[in-house]
Amino acid sequence: MEKRQANKSVVIGTIGGDAHMIGAWVLSKAFEKAGFKVAYLGAVVPQKDFVNAAIEIDADAILVSSMYGMGIMDCEGLREKCIEAGLKDIILYAGGTVAAPLELEKNWPEIEKRFEKIGFNRVFKNTCTADEAVETLKADLGIE
Amino acid sequence: MEKRQANKSVVIGTIGGDAHMIGAWVLSKAFEKAGFKVAYLGAVVPQKDFVNAAIEIDADAILVSSMYGMGIMDCEGLREKCIEAGLKDIILYAGGTVAAPLELEKNWPEIEKRFEKIGFNRVFKNTCTADEAVETLKADLGIE
Amino acid sequence: MTFAIRNERLTDEEFFKIRNEEVLPQWETGKAIANLEENIAIAKELTQGKNYALTLAEHKKNGTNVFEPQFGRALTEYMIEGITYVEENSDMYPDGVWTLFSDTYTRKGDFKKAAAGIERSKQEGMNMLNGWPVVCFGVEEARKITKAAKCPLNLNSADEDARLQTEIVFAAGWNGGNNNPIMTAVAHSKNIPMDKLLKIKQYDARLGGIYTENGVPICPHNASNLSGYDAPAMRSYTNVVQVLLAAEQGIKYSHVMHGLGMNMIQDTAMGRVTEKLCNEYCERFGYKDMTFIIGGYPFLGAWPPRLEEAHAMIAWNALIDIMGGFTNIVLKCEDEAFGTPSKEGMAHSVRLARHLVTLLGDQKVADSDRLRLEEKMIEMEARAILDKTIEAGDGDIALGLCKAIEAGWFDTMVSPWSHVKGKVEYIRDAENAVRYFNYGNVPIPKEAREYNEEKLKEREKKIGKKLTFDYVVSDLQYASILPVPKPFKK
Amino acid sequence: MTFAIRNERLTDEEFFKIRNEEVLPQWETGKAIANLEENIAIAKELTQGKNYALTLAEHKKNGTNVFEPQFGRALTEYMIEGITYVEENSDMYPDGVWTLFSDTYTRKGDFKKAAAGIERSKQEGMNMLNGWPVVCFGVEEARKITKAAKCPLNLNSADEDARLQTEIVFAAGWNGGNNNPIMTAVAHSKNIPMDKLLKIKQYDARLGGIYTENGVPICPHNASNLSGYDAPAMRSYTNVVQVLLAAEQGIKYSHVMHGLGMNMIQDTAMGRVTEKLCNEYCERFGYKDMTFIIGGYPFLGAWPPRLEEAHAMIAWNALIDIMGGFTNIVLKCEDEAFGTPSKEGMAHSVRLARHLVTLLGDQKVADSDRLRLEEKMIEMEARAILDKTIEAGDGDIALGLCKAIEAGWFDTMVSPWSHVKGKVEYIRDAENAVRYFNYGNVPIPKEAREYNEEKLKEREKKIGKKLTFDYVVSDLQYASILPVPKPFKK
Ligand code: B12
Ligand code: B12
């Protein structure tokens, strides 16, 4: 199968019951500045809204922010929903303070393993700057 | 041999090139308050001055303060000088921040071993309060 | 728009109707607390000598500080372990009180997910929730926590509907809770309209009123952290309005907890103005015998992800409280950037803050022209918004608040809540005080605007550049981004 | 008593006679630095872009802060490892400078014991000295350290005779040293008379003058920590006198380093008064083109033996510097109560202090009546002692100083030095500012005494008891004794 043509478009939002919207907002500003089309969904976003928005703007990637600690649980199942919606190959990133247990948050290889297992392409610590996020996605899309 | 009769008298001072006199001064105030006769020698006191003062006031104990880090080296030989002067059984205490190497200062059992080896009866951390020092000496002298 | 809300005390009839039809049936643990009289009696018994409201009031009277660490974990055993550890390792008793927080699933009323989080935590042998699921555990478990703690307890349950949580913890002898509808909406909500939210919050306040009237004084958190980045006048406004709403329901104590912006003079001025206005407006509306305990909540913006920088934050925030004359020192800890506070982190923070109190003695920010000017501006701004609010509500603060939000007189910058205009924008000045970059529709008086412009100019002069929206964005992270070692910069 | 000392510049003849007959022969490493011209040339080369004096002056001009960690270990390899570690792990460059300290054996001129300490350290595989033995190692080893460091270097060698140490480190491109005869006598000496000490210190200062005149500006530490517990006026006095003594020998830069008492207003006032008096008295005596960099040395009294309390101390002391408008922030670290600073401890302190600078922006202690009153009192007291000193010396500050000490106009409380009267006694007031409990012979003006009494009354009112000498003693440890957990108190 052919790799789809990147069209510089991303969906950004904070998942589940999570009200922390600042990180996602800062990301959306950076992606806009870098010339991306951004569907910015704000906070407290259910999984299905991410998928719908991705379809709507024909997104290259969904960037899920999760700060409040239940990121691991909230992200389970998103890849399956994408597949059902025909977005099998869409890039899924997660980022923030994704884990409630401090022992897990400080054991990053374990977090990466867990996110890989539930179908995410990458997961980012909350020390990741908006610029780094943009650069990484560009590299993964093979653009610029 | 008979144990000598305690007469509530101590020599207090800071040894070697050590200029820290405050701890020793605070100790001297506490021992005076507790009814001891105190020969307070101040700071920068050579070993022989401790011994001479102990003879002069017929001291039960010599309390050596050492704060500046070279306590281990500065205290070596004091017991021998006491023995030479006929003060074989005089109680020797050391106290303060006695060791320059932090790894040693935080390894108190090792410090105790070292001070025992050079003939000191006890060695005290710098968290020892003046009252604790008084109480300990009283107990060692079997008084009150 | 019309709003179906008034600042009026719920009648007993209304209260008990809501209680029996809406609140207790929310989850099975509601059954165990059906008897309110019995709840109050037990709470009274359990909090002999450790009532949250009375402890705060006592310290306020004595001019001493209260340390308020925070903690929340998925399982009761973790809670008890953590509380005991901190109390034993920080000498917080008898000058400390606790804020315990519930998890977000519980706060959003999704008790099933909270229950799943409990199971998951047991399975994984780790804390998988961001707080203690009050409702799933119920009153008996909550009482275990009360008994284990030496210090008084308060619940942070900030979100739309905390009524069942409040019922449970009050019955367990926790004598504080959230009563901050504005804070809640701005920080935790997405869609609920203010009038609907106020209706819910009246219940919590009335419940506190009933406990208070029956010998168990309740002191809710009256928080104004808002989105974390807000003007001091907006915080003062928030605190005053929330006091008036609670007082109507019979609340007599208020922990007036300011979100700190981290400019010492500005934060101090804010605390003073708020206390003055709380007294004045309560008097005006006829609420008598109110006790306000002024507190500071450490900067609720991004924290640095490294120990020493976090310690700098803990120290500076506590010092603003101490020097600013605040009674309550709410504490964050060195874990802030990573996860909810560990017991070790919280013990450290209490020790650090306590030693600052020891070092400072009675030192306070001295009275000065600079301080008085800042007070003047904050007061002028807060009054402007308050008075427009009261006018718009025809003397009713609840109705006025709904209209103030609709009009954008009350506004905030980075809120998930869809009902604020979000037009106001903040930026820091040369002294890192919070200033307006964009006033939106907030009715800032001319003199205050001029002062604001002047302050922005000072920063422009300092950096030698015009301030742009980019600075608004980068200021959000001014306290969290670690310096890149210079030799590696180009 | 008569004193054989005048504040007059050493002639070249005098200087070189002392150099060749007294200083260089003290130890074999004196040989390698016989050629002063060559020393200066190499020092110049080695400190291109990292001169201590110029770095401080530059920050003062820009209104930015300098971080000054301290370090000292028995072996050169430990020194280089520590310096490199801190510089790499704290982002101190380019806003940092180093104080490196020599060990006490070296300071007391007992080079044999220092050499034994080196051997012992190698044997034990541990640092067995409380500083780096400058003289035993000599200039080539010192230059290795200079090359390894990114930041400028300063030597703390405070004790009676540091001349050979000063020669060696200046030749190695360390551009700061001690020039604080009063501080030295009070804190480190037992018996040396002041006139004899001043004679020795004139040499260090003149050496600095010669370097300065030849293109390598030297900025000595002009310290006023004294015994750790002293009145601010006594510190200002110390700084001013030490400036005048150094200036006469050709020193142009002075790091006017105040010992902090930890009351923010009082310490701020002290810094301001000292700077004002330094300028005024230098002008009066005709010393031109002087640059004073005001710095703060963290509380030199007993520190708490636990991490978090130490962090509170680090933060509060740094904040006084920052808010007080001091340029230099000298740093202690979390190891203070246990041993000389570890590299990790120092890196932590730099990070903590740097983040405070970030958080504060341009925040400073605001001008206020309270501050002005404190300044007025300190200035009045310092002037009274200064003017009596100058009068007693018939216009000569060196002679006057000797007489001031003899008369007890200058005095300190807990000094090992036999020549101070030791009659003055200090105690803290309700705000933990340092006050006189006993004036001794210090000529404190009436108005200042009245103010002092008033401040003591405030504390008596606070504690509900008369202040006695017991408080003088217990105040010595007010910042170091950890609270005993209350449940275990009777
Ligand atoms: C501000 C804040 C709030 C504000 C949020 C305001 C708002 N409008 O968003 C308010 C007050 C609402 C709040 C509430 C709560 N909070 Co809060 N909050 C914070 C705080 C202090 C800063 C977050 C922030 O704004 N950072 C600034 C932005 C710019 O950075 P960022 O979010 O990290 O995003 C950056 C990166 O992470 C990255 N990134 C983020 N997402 C993604 C995604 C992708 C794909 C990529 C590539 C990158 C990326 O890029 C961004 C730009 O650099 C953090 C602690 C901290 N980090 O300092 C706690 C924190 C996140 N909160 C926490 C908690 C627990 C809560 C509450 C439950 C309160 C409580 N304890 O009682 C509630 C929950 C509310 C809810 N329903 O979600 C915890 C979460 C713990 C955990 N993970 O286990 C934290 C860590 C604090 C703590 N240590 O306890 N909070
Ligand atoms: C004040 C002080 C000074 C003052 C002293 C003023 C004076 N008049 O005494 C001055 C400025 C002179 C000074 C100088 C130096 N100091 Co100093 N100083 C301190 C400091 C901050 C406090 C000491 C103090 O006064 N404590 C208060 C008194 C009341 O407590 P105390 O001394 O601990 O005594 C109590 C107990 O220890 C106990 N005790 C003490 N002795 C004994 C003996 C017995 C038998 C018993 C039972 C109990 C006992 O009872 C006392 C009452 O409770 C300590 C660090 C700290 N602890 O906070 C550093 C410290 C002791 N100094 C230190 C150093 C290195 C120096 C210098 C070399 C400076 C330098 N780094 O360049 C010089 C050396 C001068 C010299 N020749 O000795 C180091 C020593 C390191 C080490 N042990 O390895 C310390 C630990 C600081 C550090 N971390 O670097 N210092």
Side-chain angles (χ1 to χ4, degrees), chain C residues 87-91 93-95 150 262-265 299 304 306-316 318-319 323 347-356 358-371 428-433 458-459 462 478-479 482-487, chain D residues 87-91 93-95 150 262-265 299 304 306-316 318-319 323 347-356 358-371 428-433 458-459 462 478-479 482-487:
Chain C
E87 291 187 348
E88 281 178 358
N89 287 281
S90 70
D91 195 36
Y93 175 81
D95 303 312
K150 284 207 201 69
M262 292 207 288
N263 174 286
M264 186 177 268
I265 292 275
F299 179 59
R306 203 161 58 184
L307 275 185
E308 297 75 33
E309 282 84 356
H311 292 148
M313 301 278 289
I314 295 162
W316 182 235
L319 281 165
M323 298 271 293
H348 293 174
S349 286
V350 177
R351 285 184 191 167
L352 202 165
R354 177 179 269 288
H355 201 60
L356 289 173
T358 301
L359 293 182
L360 266 72
D362 289 348
Q363 287 180 69
K364 295 276 171 295
V365 172
D367 206 16
S368 67
D369 292 346
R370 184 73 190 68
L371 177 58
R428 290 185 184 264
D429 70 14
E431 295 175 14
N432 283 344
E458 283 175 17
R459 178 163 175 201
K462 182 182 171 188
Y478 96 108
L482 299 182
V484 179
K486 293 275 174 20
Chain D
E87 290 187 348
E88 280 177 0
N89 287 281
S90 70
D91 196 35
Y93 176 82
D95 303 312
K150 283 206 201 70
M262 294 208 286
N263 174 287
M264 188 178 268
I265 293 275
F299 179 57
R306 203 161 60 184
L307 275 185
E308 298 76 32
E309 282 84 356
H311 291 150
M313 301 278 287
I314 295 162
W316 181 235
L319 282 164
M323 298 271 293
H348 293 172
S349 286
V350 176
R351 285 184 190 166
L352 202 165
R354 178 179 270 287
H355 200 59
L356 288 173
T358 302
L359 294 181
L360 265 74
D362 289 347
Q363 288 180 69
K364 294 278 170 292
V365 172
D367 205 16
S368 68
D369 293 346
R370 184 73 190 70
L371 177 59
R428 290 184 183 268
D429 70 14
E431 294 175 13
N432 283 346
E458 283 176 18
R459 179 163 175 201
K462 183 183 173 188
Y478 96 109
L482 300 181
V484 180
K486 292 275 173 16

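Here is how names work: the chains are called A, B, and so on, in the same order as the sequence lines, proteins then strands, and each is numbered from 1. Only a predicted model underlies this, so the values are computations on that prediction, with no experimental measurement involved.
A donor-acceptor pair is defined here as one N or O able to donate and one able to accept, closer than 3.5 Å; such a pair exists between the side chain of D:N432 and the backbone of C:T358. Here the side chain of C:Q363 pairs a donor or acceptor atom with the backbone of D:M262 at under 3.5 angstrom. No donor-acceptor distance shorter than 3.5 angstrom exists from the side chain of C:D367 to the backbone of D:R370, with no hydrogens or angles considered.
Residues C:H355 and D:R306 are not in side-chain contact: their nearest non-hydrogen atoms beyond the backbone lie 4.5 Å or more apart.
Looking only at heavy-atom pairs under 4.5 Å with chain D, the residue among C:I314, C:V365, C:N263 that has the most is C:N263. Counting heavy-atom pairs closer than 4.5 Å to chain D, the top residue among C:A315, C:A430, C:A366 is C:A430. Your options are C:K364, C:E431, C:R459, C:R428, and the one with the most heavy-atom pairs under 4.5 Å with chain D is C:E431. Among C:S90, C:S349, C:A347, C:P304, the residue making the largest number of heavy-atom pairs under 4.5 Å with chain D is C:P304. Here D:L359 is the residue among D:L307, D:L359, D:L371 with the most heavy-atom pairs under 4.5 Å with chain C.
Atom CZ of residue D:R354 and atom CG of residue C:L482 lie 11.0 Å apart, to the nearest 0.5 angstrom. In this structure, CG on D:L319 lies 7.0 Å from CE on C:M264, to the nearest 0.5 angstrom.
Within the 4.5 angstrom heavy-atom criterion, atoms from both the backbone and the side chain of C:M313 approach chain D. For a residue to count as touching a neighbouring chain, one of its non-hydrogen atoms must lie under 4.5 Å from one of that chain's; by this rule C:K462 touches chain D with the side chain only.
Of all non-hydrogen atoms in C:L352 and D:A312, the two that sit nearest each other are O-CB, 3.6 Å.
If you run side-chain contact (heavy atoms from CB on, under 4.5 Å) between D:H311 and each of C:H348, C:R351, C:H311, only C:H311 comes through.
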